[in-house]
Participant: 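Input: one structure, supplied below.
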Amino acid sequence: MLHLTAPTADEWIGQALSDHESLLLDHAHCEKKAASTAINLIFRYTQHLELMAPLSALAREELSHFELMLGVLEERRIPFRRLEPSNYAPRLLAAARKKEPHRLLDTLLCCALIEARSCERIQLLGVAFESIEPDLSRLYHSLFKSEARHHGTYVDLAIQLFDKEKVRVRLQELSLHEASILGRDEPALRFHS
Ligand SMILES: [Fe+2]
Ligand SMILES: [Fe+2]
């Protein structure tokens, strides 16, 4: 359903459970970044009316998740601060072709894969936190559906604008690339490390 080629390694879950602070802080930054990416696409591709309302709704939902995560940080007395981002998104997006319309297709599919990886990890965290941090478990279970929907939104938008078979083939290629960069040379725990 999520078009991911490789599952998250058990080591990542182990690291996440042992470093809540980095996990929650980076998660907050990821929600902010997801909103900003959707808004950037609205500005860059104003000629594609099909993208406007779905991406605006997605950006609003990501900002509501950002506010939710700010609340979680505050409750746990973790000051929101800058954090060196992981190399994951730039490495994934490096595979996007530079010329239009390929650039738009590849960007939509990279966004779909980022949402898919977030969704997969959110589900894993919801389960992993059940016995040790029930509040965090509930938080992650509550986020699962919307992140799965965001993945679907990006794939659906790609199918609306491009040939369905081309979307399928390119999504498979980019998914293999996503699996190959996951966890590579990451200095610290991040949501997508
Ligand atoms: Fe989100
Ligand atoms: Fe999302």
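Atoms within each ligand, like the ligands themselves, are counted from 1 in listed order. These figures come from a predicted structure and were not determined experimentally. Worth knowing before you read on, the calculation uses all heavy atoms, side chains too, and leaves out hydrogens, waters and symmetry mates.
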Participant: Quick check on L49: does its CG atom have over 12 non-hydrogen neighbours (other residues, nucleotides or ligands) under 6.0 Å away?
Facilitator: no

Participant: Taking atom NZ of K164 as the centre, report whether more than 12 heavy atoms of other residues, nucleotides or ligands fall under 6.0 Å from it.
Facilitator: no

Participant: Using 4.0 Å as the upper bound for N to carboxylate O, is an ion pair formed by R81 and E21?
Facilitator: yes

Participant: Could you confirm whether C30 has any N/O/S atom lying under 2.8 Å from the Fe ion (ligand 1)?
Facilitator: no

Participant: Which N, O or S atom name in E115 marks its closest approach to the Fe ion (ligand 2)?
Facilitator: OE1

Participant: Regarding E61, does it place an N, O or S atom less than 2.8 Å from the Fe ion (ligand 2)?
Facilitator: no

Participant: If you look at H65, which of its N/O/S atoms is nearest to the Fe ion (ligand 1)?
Facilitator: ND1

Participant: Please work out the angle at the Fe ion (ligand 1) defined by atom OE1 of E31 on one side and atom OE1 of E62 on the other, rounded to 10°.
Facilitator: 90°

Participant: Using the side chain to side chain donor-acceptor pair (under 3.5 Å) definition, which of the options E147, H150, R60 pairs with H65?
Facilitator: E147

Participant: Would you say the Fe ion (ligand 2) has H150 as a near neighbour, meaning an N/O/S atom of that residue under 2.8 Å away?
Facilitator: yes

Participant: What I want to find out is whether K32 reaches E67 closely enough, with some N-O distance under 4.0 Å, to be called a salt bridge.
Facilitator: no

Participant: Among the N/O/S atoms of E147, which is closest to the Fe ion (ligand 2)? Give the atom name.
Facilitator: OE1

Participant: With under 30° as parallel and over 60° as perpendicular, where do the rings of F129 and Y140 fit, or are they tilted in between?
Facilitator: parallel

